[in-house]
**Student:** 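Have a look at this one before I ask anything.
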Amino acid sequence: MNGTAHRHKKRFGQNFLRDRNIVERILSAAALDPGDRVVEIGPGMGALTDPMLSLAGEVHILEIDRELAARWRERPEANLRVHEGDALDLDWPRFLTTPPYKMVANLPYNISSQVLFKILDHRELFSRLVLMFQKEVGERLCAGPGSRDYGILSVLCQLWFDIRRVTPVKPGSFYPPPKVDSVVLSFEPLASARVPVEDWMGFRRTVKAAFGQRRKSLRNALTGGGWSVAQAEEALRASGIDPSRRAETLSLDEFARLSRQLGAPPSGRD
Ligand code: SAM
């Protein structure tokens with residue numbers, strides 16, 4: 001991007017991509033063409049944004065850093081839409097009015113989980129997502145049952161998306177280099193949920209409660225979601241799941257059966 005040098009801000013997770021090979025791999029996974037509309041969280045200095053402005057029909061950027069957002073507003077490209085603010089607070093459907101969109105982002109690591117929860121709630125907006133994560137978070141997203149990495153976001157994301165590793169990324173690919181390794185993942189939306197889920201909020205509540213106390217047996221862990229031990233045991237048995245099992249051993253299908261049996265907790269909390 002043109003203009004005076006930008007002092008990177010640590011509080012905004014500003015590790016700018018400077019490795020052309022990684023940029024190429026991200027863009028190739030996104031497979032952009034002029035018919036595409038793209039959303040990028042955190043354009044920064046434009047390592048991804050600049051090529052995307054040439055490749056895609058419309059590019060929406062969400063930038064929290066006022067200084068950077070002001071620079072982007074000065075850009076002449078007619079297909080650029082600048083949205084200043086916290087991507088977590090911005091009302092996506094208000095300006096993403098013509099889905100589907102592709103999301104491409106080198107996410108600030110401190111907000112990646114919250115961004116994923118927001119993506120899940122607005123999943124109908126997206127036809128593909130290519131996102132950079134801290135390596136450990138990437139491992140969790142790809143993990144299956146029985147793995148220590150398997151958790152809430154693995155289950156919720158795998159319910160709606162096919163997740164694929166695009167490329168590992170070393171700290172030296174950024175300036176300044178972060179302390180951790182990274183990985184780029186691509187998310188392809190499935191035509192329908194991987195296993196039948198009638199009540200998404202209920203499914204989310206069940207998975208969150210089950211992993212909320214992941215070292216406990218499910219009969220005890222589920223009390224964190226507002227169900228009694230007796231209710232949890234009954235629902236687990238009705239779903240064919242041994243109540244002494246732990247969340248990390250359950251398949252998506254088992255979570256779906258369990259949430260169906262549990263229904264809403266008596267306290268009605270979410
Ligand atoms: N895309 C650029 C690149 O790859 O070089 C910058 C990536 S840098 C890891 C993260 C970017 O997200 C920065 O531009 C930062 O200012 C911005 N950012 C951080 N927190 C944000 C938030 N909550 N909402 C929107 N943008 C945010």
Side-chain angles (χ1 to χ4, degrees), residues 13 41 87-88 103 105 107-123 126 129-166 168-169 178-190 193-197 199-227 232 235-236 239 241-262 265 269-270:
I41 295 178
L88 297 172
M103 181 181 274
L107 290 175
Y109 295 139
N110 56 332
I111 63 163
S112 58
S113 298
Q114 290 152 283
V115 168
L116 281 169
F117 280 116
K118 186 152 177 166
I119 288 170
L120 286 165
D121 284 340
H122 294 294
R123 59 189 180 277
F126 302 106
L129 303 99
V130 182
L131 306 172
M132 174 96 68
F133 296 97
Q134 184 176 334
K135 186 178 161 210
E136 283 68 24
V137 175
E139 296 299 335
R140 275 187 243 148
L141 291 170
C142 297
S147 152
R148 287 177 55 179
D149 291 331
Y150 186 59
I152 298 174
L153 280 169
S154 341
V155 174
L156 299 184
C157 291
Q158 289 170 27
L159 180 68
W160 298 111
F161 297 99
D162 264 336
I163 305 176
R164 183 175 68 82
R165 289 181 185 79
V166 174
V169 189
K179 293 199 172 63
V180 293
D181 281 5
S182 304
V183 63
V184 177
L185 303 181
S186 89
F187 293 62
E188 284 306 310
L190 299 165
R194 194 176 298 277
V195 296
V197 168
D199 172 12
W200 163 236
M201 292 311 283
F203 183 84
R204 251 176 79 142
R205 193 191 302 120
T206 301
V207 175
K208 278 189 168 177
F211 282 107
Q213 308 177 73
R214 62 182 294 146
R215 291 155 66 93
K216 289 194 179 172
S217 66
L218 282 163
R219 70 155 73 76
N220 290 318
L222 288 168
T223 60
W227 296 278
L236 284 158
S239 325
I241 300 167
D242 180 339
S244 66
R245 283 172 63 187
R246 292 179 182 182
E248 65 197 32
T249 69
L250 260 57
S251 66
L252 264 63
D253 190 44
E254 288 175 314
F255 273 117
R257 293 204 313 258
L258 177 58
S259 75
R260 220 169 287 137
Q261 290 296 333
L262 277 170
R269 64 173 113 154
D270 240 324

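The figures that follow rest on heavy atoms only: side chains count, while hydrogens, waters and symmetry mates do not. If you're wondering where the values come from, they're calculated on a predicted model, not measured in any experiment.
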**Student:** Might you point out which heavy atoms bring Gly138 and Phe133 nearest each other, and give the distance in Å?
**Tutor:**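 Looking at all heavy atoms of both residues, the closest pair is N-CB, 4.1 Å.
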
**Student:** If the condition is ring pair (Phe, Tyr, Trp, His ring centres under 6.0 Å), which residues does Phe255 pass it with, not counting sequence neighbours?
**Tutor:**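 Checked Phe255 against ring pair (Phe, Tyr, Trp, His ring centres under 6.0 Å); matches are Phe211.
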
**Student:** Would you please name every residue forming a side-chain contact (heavy atoms from CB on, under 4.5 Å) with Cys142, sequence neighbours left out?
**Tutor:**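 If we apply the side-chain contact (heavy atoms from CB on, under 4.5 Å) test to Cys142, skipping adjacent residues, the hits are Ile163, Arg165, Leu185.
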
**Student:** Identify, with sequence neighbours excluded, every residue that meets salt bridge (Lys or Arg N to Asp or Glu O under 4.0 Å) alongside Arg214.
**Tutor:**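 Here the qualifying residues are Glu248.
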
**Student:** Going by the rule salt bridge (Lys or Arg N to Asp or Glu O under 4.0 Å), which residues pair with Arg204 if we only count those two or more places apart in sequence or in a different chain?
**Tutor:**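 For Arg204 the salt bridge (Lys or Arg N to Asp or Glu O under 4.0 Å) partners, ignoring immediate neighbours, are Asp121.
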
**Student:** How many angstroms lie between CG in Leu120 and CZ in Phe126, if you round to the nearest 0.5 Å?
**Tutor:**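 The CG atom of Leu120 sits 10.5 Å away from the CZ atom of Phe126.
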
**Student:** Going by the rule side-chain contact (heavy atoms from CB on, under 4.5 Å), which residues pair with Asn220 if we only count those two or more places apart in sequence or in a different chain?
**Tutor:**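 Only Lys216, Ser217, Val229 meet the side-chain contact (heavy atoms from CB on, under 4.5 Å) criterion with Asn220.
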
**Student:** What residues form a salt bridge (Lys or Arg N to Asp or Glu O under 4.0 Å) with Arg140, not counting sequence neighbours?
**Tutor:**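 None.
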
**Student:** Scan the side chains in residues 143-150 for donor-acceptor partners under 3.5 Å anywhere in the protein, sequence neighbours excluded, and list what turns up.
**Tutor:**
| residue | atom | partner | partner atom | Å |
| --- | --- | --- | --- | --- |
| Ser147 | OG | Asp149 | N | 3.0 |
| Tyr150 | OH | Leu250 | O | 2.6 |

**Student:** Assess the side chains of Ser251 and Asp253: does a donor N or O sit below 3.5 Å from an acceptor N or O?
**Tutor:**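 Side chains of Ser251 and Asp253: no pair found under 3.5 Å.
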
**Student:** Applying side-chain contact (heavy atoms from CB on, under 4.5 Å), name anything that partners Ser239, two or more places apart in sequence or on another chain.
**Tutor:**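 Only Ile241, Arg257, Leu258, Gln261 meet the side-chain contact (heavy atoms from CB on, under 4.5 Å) criterion with Ser239.
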
**Student:** What pairs with Asp181 under salt bridge (Lys or Arg N to Asp or Glu O under 4.0 Å), at least two apart in sequence or on another chain?
**Tutor:**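 For Asp181 the salt bridge (Lys or Arg N to Asp or Glu O under 4.0 Å) partners, ignoring immediate neighbours, are Lys170.
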
**Student:** Quick test of your reading: applying salt bridge (Lys or Arg N to Asp or Glu O under 4.0 Å), list the pairs with at least one residue in residues 150-162, sequence neighbours left out, ordered by first then second residue.
**Tutor:**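 Qualifying pairs, neighbours excluded: Asp162-Arg194.
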
**Student:** Report the residues that fulfil side chain to side chain donor-acceptor pair (under 3.5 Å) with Ser182, sequence neighbours left out, ordered by chain and then residue number.
**Tutor:**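 Tyr109.
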
**Student:** Between Ala256 and Pro196, which heavy-atom pair has the shortest distance, and what is it?
**Tutor:**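 Closest approach of Ala256 to Pro196: CB-O, 3.6 Å.
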
**Student:** Tell me, please, which residues at least two apart from Pro243 pass side-chain contact (heavy atoms from CB on, under 4.5 Å).
**Tutor:**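 So Pro243 forms a side-chain contact (heavy atoms from CB on, under 4.5 Å) with Arg219, Glu233, Leu236, Arg237.
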
